[in-house]
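Data first, discussion second: the structure below is written as structure tokens.
Heads up: numbering here begins at 1 and tracks the sequence. Bear in mind the structure is a predicted one, so any value in this text is a computation, not a measurement. In each ligand, atom 1 is the first atom listed, and ligand 1 is the first ligand listed.
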Amino acid sequence: MILPPGEQPEVSVVIPAFNEAESLRELIPAIVRVLDGAGRSFEILIVDDGSSDGTSEVSAGLARGDRRIRALALRRNFGKSAALATGFADCRGRFVVTMDADLQDDPEEIPAFLADLEGGLDLVSGWKRKRHDPLSKTLPSRFFNRVTARASGIPLHDFNCGFKAYRSEVCREITLYGEMHRFIPVLANREGFRIGEREVRHHARRFGRSKFGPSRFFNGFLDLLEVMFLAGGRRTPLHVFGRWGAWLLGSGILINLYMVALWITERRLRVRPLLLFGVILVILGVQFISIGLLAALIHAPGRRRTTYPVRSRIPEDSQPS
Ligand code: UDP
Ligand code: MG
């Protein structure tokens with residue numbers, strides 16, 4: 001289906017790509033085949049995340065050959081979250097599908113994802129039940145998923161799966177920064193969207209290599225702290241720090257009042273361990289509350305980066321909506 005420029009396609013496929021030239025040559029025609037076969041109008045957005053292996057040239061070539069394919073290139077490598085955020089800001093479809101560029105996800109499954117959305121879900125997240133990745137990745141990943149599911153209360157098995165489908169509102173509402181792409185279902189759940197899961201086939205990587213080292217797990221757990229810290233988006237930093245601060249300050253004051261009572265009744269001033277403890281609690285309590293206040297100021301809405309500089313855009317006249 002050829003779409004007049006400016007008209008809204010049914011489906012936008014957003015593909016973040018960092019050094020994936022060889023894979024893209026196979027992946028893009030496969031997606032076109034599947035969506036044409038399913039009779040869906042679509043656009044494919046390749047977001048080149050500062051690659052140095054010719055990904056940009058390959059994407060540009062594909063975009064020149066088919067107006068439904070668009071190639072965006074970021075000025076440098078900003079990370080997968082930034083690439084996704086750039087694609088989300090630029091895409092026009094009613095449904096948005098994200099896929100990794102590395103051929104590990106199977107385009108054949110896109111229609112099933114779309115059917116799930118039409119069935120009423122807002123976000124369908126892939127589940128790589130049988131993963132073709134090294135054990136050093138699958139084991140920690142299982143642990144990470146268990147902890148995230150437990151902490152967030154969302155019963156998914158594979159939070160970080162790159163293969164997902166969204167109703168476009170979801171992409172507009174969530175803010176991706178840092179490496180928050182791992183927590184998209186948590187962010188979407190927080191906004192009240194309905195989330196489901198779909199088992200997907202997973203293939204071993206054929207070209208290039210994985211872009212994430214062991215630091216992925218360290219960062220993942222730090223980010224989980226941040227995400228859960230503001231669970232539900234209702235708790236502000238001041239609620240969290242303030243509660244701890246109030247407990248510390250309150251206990252410190254009680255202990256010190258007790259010391260004052262002793263001093264009045266016994267008429268003797270003694271430095272006891274308990275007195276020191278009380279004083280420390282008071283100081284810590286005041287500090288916690290002040291940290292909470294500072295965090296509340298910094299946390300103010302609108303302070304987070306959500307757009308990234310695009311170096312080139314093909315076709316050039318395709319503007320973000
Ligand atoms: N990716 C990206 N920017 C980055 C790192 C990765 O756009 O800085 C893309 C990458 O090209 C791929 C997807 O994110 O399309 C997932 O990356 P990868 O396959 O390396 O992750 P893994 O499968 O090892 O979890
Ligand atoms: Mg991969």
Side-chain angles (χ1 to χ4, degrees), residues 13-28 30-31 44-59 62 70-91 96-107 109-110 125-145 148 156-164 176-185 200-221 223 305 308-311:
V13 184
V14 173
I15 301 172
F18 180 42
N19 294 337
E20 311 277 12
E22 277 173 291
S23 302
L24 282 175
R25 277 198 200 101
E26 279 186 38
L27 177 67
I28 304 301
I31 298 175
I44 302 176
L45 260 82
I46 309 168
V47 186
D48 166 24
D49 184 17
S51 306
S52 53
D53 72 335
T55 291
S56 233
E57 290 71 22
V58 170
S59 321
L62 290 162
R70 296 200 278 139
L72 299 184
L74 291 174
R75 291 199 165 270
R76 66 167 171 84
N77 177 237
F78 283 92
K80 186 176 179 182
S81 285
L84 286 174
T86 304
F88 286 172
D90 217 278
C91 67
V96 180
V97 175
T98 60
M99 291 180 81
D100 285 356
D102 55 6
L103 291 170
Q104 293 196 267
D105 304 324
D106 200 322
E109 302 190 270
I110 296 178
S125 187
W127 172 16
K128 308 178 289 275
R129 188 167 203 166
K130 266 199 80 180
R131 261 183 94 161
H132 297 275
D133 277 325
L135 207 63
S136 60
K137 194 145 96 188
T138 50
L139 268 187
S141 155
R142 194 166 303 171
F143 178 63
F144 170 82
N145 280 307
T148 308
L156 290 189
H157 296 87
D158 192 358
F159 284 83
N160 186 18
C161 184
F163 203 176
K164 288 186 167 62
L176 292 180
Y177 57 91
E179 296 185 2
M180 284 298 173
H181 60 269
R182 295 199 183 92
F183 298 100
I184 290 177
V200 293
R201 281 191 298 275
H202 188 240
H203 304 287
R205 205 184 233 285
R206 281 174 27 222
F207 307 109
R209 41 196 188 91
S210 172
K211 309 302 180 310
F212 298 97
S215 73
R216 65 165 71 205
F217 297 106
F218 191 65
N219 290 348
F221 281 109
D223 286 342
R305 176 169 201 183
Y308 300 84
V310 171
R311 183 207 311 275

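Only the side chain of Asp49 comes within 4.0 Å of ligand 1, counting heavy atoms alone; its backbone N, CA, C and O stay farther away. Looking at Lys80 against ligand 1, both its backbone and its side chain come within 4.0 Å, counting heavy atoms. Counting heavy atoms under 4.0 Å from ligand 1, residue Asn77 touches it through the side chain alone.
Protein heavy atom in closest approach to atom 1 (N) of ligand 1: Phe18 CB, 3.8 Å. At the top of the distance list for atom 21 (O) of ligand 1, counting protein heavy atoms only, stands Phe212 CD1, 3.5 Å. For atom 12 (C) of ligand 1, the closest heavy atom belonging to the protein is Glu20 OE2, 3.4 Å.
Residue contact check: Asp102 has heavy atoms under 4.0 Å from atoms 19 (O), 23 (O) of ligand 1. Of all atoms in ligand 1, listed by their number and element, those nearer than 4.0 Å to a heavy atom of Lys137 are 22 (P), 24 (O). In summary, the atoms of ligand 1 found under 4.0 Å from a heavy atom of Arg216, numbered by their order in the structure, are 22 (P), 24 (O), 25 (O). Close approach of ligand 1 to Lys211 (heavy-atom distance below 4.0 Å) involves ligand atoms 5 (C), 6 (C), 20 (O).
Within the coordination shell of the Mg ion (ligand 2), defined by N, O or S atoms under 2.8 Å, Ser210 is absent.
In this model, a donor atom of one side chain and an acceptor atom of the other lie less than 3.5 Å apart for Arg131 and Ser141. Donor-acceptor pairing under 3.5 Å is recorded for the side chains of Ser56 and Asp48.
The cationic atom of Arg142 (NZ for Lys, CZ for Arg) does not lie both less than 6.0 Å from the six-membered ring centre of Phe144 and within 45° of the ring axis.
A donor-acceptor pair under 3.5 Å links the side-chain atoms of Arg70 to the main chain of Asp90, judged by distance alone. Of the possible polar contacts, none joining the Ser125 side chain to the Lys164 backbone as a donor-acceptor pair under 3.5 Å is found.
Among the atoms of Arg131, none of the N or O lies under 3.5 angstrom from an N or O of ligand 1. For ligand 1, the polar-atom distance check finds an N/O of Gln104 within less than 3.5 Å of one of the ligand's N/O atoms. In terms of N/O distances under 3.5 Å, ligand 1 is approached by Pro16.
Looking at Lys80 and Asp100, a side-chain N of the basic residue comes within less than 4.0 Å of a carboxylate O on the acidic one, giving a salt bridge. The pair Lys128-Asp133 does not meet the salt-bridge criterion, since no charged nitrogen lies less than 4.0 angstrom from a carboxylate oxygen.
Between the Mg ion (ligand 2) and the N, O or S atoms of Asp102, the shortest distance is to OD2.
Note that the CG atom of Leu74 and the OG1 atom of Thr86 stand 4.5 Å from one another [nearest 0.5 Å]. Here Leu103 contributes atom CG and Arg205 contributes atom CZ; the two are 9.0 Å apart, rounded to the nearest 0.5 Å. From Leu62, atom CG reaches atom CD of Glu57 across 11.5 Å, with rounding to the nearest 0.5 Å.
Heavy atoms of Arg205 come nearer than 4.0 angstrom to ligand 1 in at least one pair. Residue contacts with ligand 1 include Ala17, since one or more of its heavy atoms lies under 4.0 Å from the ligand.
Other residues, nucleotides and ligands place no more than 12 heavy atoms under 6.0 Å from the CZ atom of Phe143.
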